[in-house]
Amino acid sequence: MKTEIFTDSTLSEAVSLLKKGELVAFPTETVYGLGASVFRPEAIQKIFEVKGRPQDNPLIVHLGALEDVEKVAKNPPQLFFALAEAFFPGPLTVILSKHPSISPIVTGGLETVALRIPSHPTAQKLITLTGDPLVAPSANTSGKPSSTTLEHVLDDFSGKIAGVIEGEPCQFGMESTVLDLVNFAVPTLLRPGAISKKAIEEMLGYSIEIYQKGPQSSPGMRYRHYSPNIPVFLFRTKEELARHLEKGKKSFVVSCIEEKTLYAHLRHAEKKGYDEVLLISEFPLSDALENRLEKILELPSLIPSV
Ligand code: TXA
Ligand code: MG
């Protein structure tokens, strides 16, 4: 299959492909998404296949407008509308009870559904023109760093998906904040992102929880994530980094760790044949970065021995 590249001026061709049940990757303000119509289960099945994604890891549904929430969720609480007013469109995903018309393939068999309204103009136009909400996981092979550029998407999926849309850069570079409004007594953060816990608490006027690992965890939390095929080490002091550098490996050193560029650095280092990525930060990072780094560095063999 030839992967077509579209732009905002050829969006209608991408829309036709989506309506035919094909996969089209598109930019959002967080990362690129690998899109399919929420009402095309056979297309959604292809998402799991091309990504190599475990079937029980549910997908986020992307809406064009707030009124579409009725199509995918059942009885959203008032709290949802308050959050939507404050943070939509933007990098916040909310977990609600699912509408009966949503296939279990979208939700990994759960009775809940994740949804958000992206603010990226290309994503907005694409969803509106398609007329259906779009499911879209991050557009990367399962386990790899998310894609933040057209080139990343092609590196993973060229020849495997029908199309990809080139658009304005992904403003944030890291996946959305995921907030569960269903499974806990108080709203609970399943994944930190650009919308901070503090911003949500300030808006609500009370404290929310951060999910700690356990059986009710977001299914995505069980899998290894965001990692290149080369080891990644994090150093908290320059001395530790200097000691490691004495080993004489071909190291790609990142001394400015930012949400917007972390994934691009990891992908670049792997593609250019470096032996390892060395991250150095003498200061605590944002909750979103600390969360992703915890997963990237998760395997014991990747934790620096110095
Ligand atoms: O910024 C983003 O959220 C990007 C862009 C493309 O929108 N998408 C994204 O999708 O990061 P994905 O599939 O890579 O991550 C979705 C996360 C996974 O951890 C998944 O387990 C969780 O959301 N999730 C989806 N539906 C859920 C549900 N019903 N309950 C709990 N967690 C859910
Ligand atoms: Mg992902």
Side-chain angles (χ1 to χ4, degrees), residues 23-36 38 44 47-48 51-63 72-74 87-99 102-120 122-124 126-127 133-148 152-153 156 164-165 167 170-184 187-195 211 213-227 259 263 288 291-292 295-296:
L23 305 187
V24 176
F26 60 95
T28 82
E29 72 280 15
T30 57
V31 298
Y32 262 80
L34 181 56
V38 73
I44 299 171
I47 291 183
F48 287 92
K51 275 186 64 100
R53 183 179 177 103
Q55 204 79 38
D56 66 352
N57 193 0
L59 304 173
I60 296 174
V61 181
H62 296 68
L63 308 178
V72 298
K74 195 172 63 182
F87 299 115
F88 283 1
L92 176 69
T93 295
V94 180
I95 309 287
L96 297 175
S97 297
K98 90 172 185 74
H99 189 282
I102 298 299
S103 161
I105 194 176
V106 173
T107 64
L110 297 175
E111 283 307 310
T112 54
V113 64
L115 60 88
R116 77 183 195 93
I117 302 183
S119 60
H120 193 291
T122 304
Q124 288 237 348
L126 184 72
I127 300 166
L134 298 179
V135 296
S138 51
N140 52 279
T141 307
S142 210
K144 292 269 151 227
S146 298
S147 293
T148 55
H152 298 159
V153 177
D156 284 14
V164 51
I165 304 169
C170 302
Q171 184 191 343
F172 295 105
M174 198 153 275
E175 308 81 1
S176 60
T177 303
V178 179
L179 184 67
D180 191 333
L181 297 188
V182 177
N183 289 303
F184 305 91
T188 298
L189 268 190
L190 301 183
R191 181 173 75 183
I195 305 287
Y211 184 72
K213 262 192 185 144
Q216 255 188 319
S217 144
S218 182
M221 289 180 163
R222 291 199 290 272
Y223 302 106
R224 185 160 181 251
H225 275 315
Y226 318 119
S227 312
E259 293 178 10
Y263 294 146
N291 167 273
R292 304 313 188 270
K295 291 177 200 291
I296 292 168

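Here, residue 1 is the first one in the sequence, and each next residue gets the next number. One-based numbering, in listed order, for ligands and for the atoms of each.
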Quick check: closest heavy atoms across [X] and [Y], and the distance to 0.1 Å?
X: Val94; Y: Phe88; answer: CG2-CZ, 4.1 Å
X: Pro54; Y: Ser142; answer: CD-OG, 3.8 Å
X: Ile127; Y: Pro133; answer: CG2-CA, 4.3 Å

Is it the side chain (CB and beyond), the backbone, both or neither of Arg191 that lies under 4.0 Å from ligand 1, heavy atoms counted? side chain
Give the atoms of ligand 1, by number and element, whose distance to some non-hydrogen atom of [X] is under 4.0 Å.
X: Thr30; result: 1 (O), 2 (C), 4 (C), 5 (C)
X: Pro137; result: 10 (O), 12 (P), 13 (O)
X: Ile60; result: 3 (O), 8 (N), 9 (C), 10 (O), 16 (C)
X: His62; result: 5 (C), 6 (C), 7 (O)
X: Gly33; result: 6 (C)
X: Ile95; result: 27 (C), 28 (C), 30 (N), 31 (C), 32 (N), 33 (C)

For [atom], which candidate among [options] holds the nearest heavy atom?
atom: atom 14 (O) of ligand 1; options: Ala114, Ser138, Ala136; result: Ser138
atom: atom 24 (N) of ligand 1; options: Gly193, Pro58, Pro27; result: Pro58
atom: atom 29 (N) of ligand 1; options: Asn140, Thr112, Leu190; result: Thr112
atom: atom 21 (O) of ligand 1; options: Asn57, Leu96, Leu110; result: Asn57

Backbone N/O of [Y] and side chain of [X]: donor-acceptor pair under 3.5 Å:
X: Asp180; Y: Thr188; answer: no
X: Tyr32; Y: Asn140; answer: no
X: Glu175; Y: Thr30; answer: no
X: Arg53; Y: Pro58; answer: yes
X: Glu259; Y: Met174; answer: no
X: Thr148; Y: Cys170; answer: no
X: Thr177; Y: Ile195; answer: yes

Within less than 2.8 Å of the Mg ion (ligand 2): protein N, O or S atom count: 1
side-chain hydrogen bond (donor to acceptor under 3.5 Å, both in side chains) for Arg116 and Thr28? Distances and angles first, verdict last. CA-CA 11 Å; Arg116 77 183 195 93; Thr28 82; 3.1 Å; yes
Within the structure, is a non-hydrogen atom of Arg53 found at a distance of less than 4.0 Å from ligand 1? yes
Can Arg116 be said to touch ligand 1, with heavy atoms closer than 4.0 Å? yes
Taking the six-membered ring for Trp, are Phe184 and Tyr211 parallel (under 30°), tilted (30 to 60°) or perpendicular (over 60°)? tilted
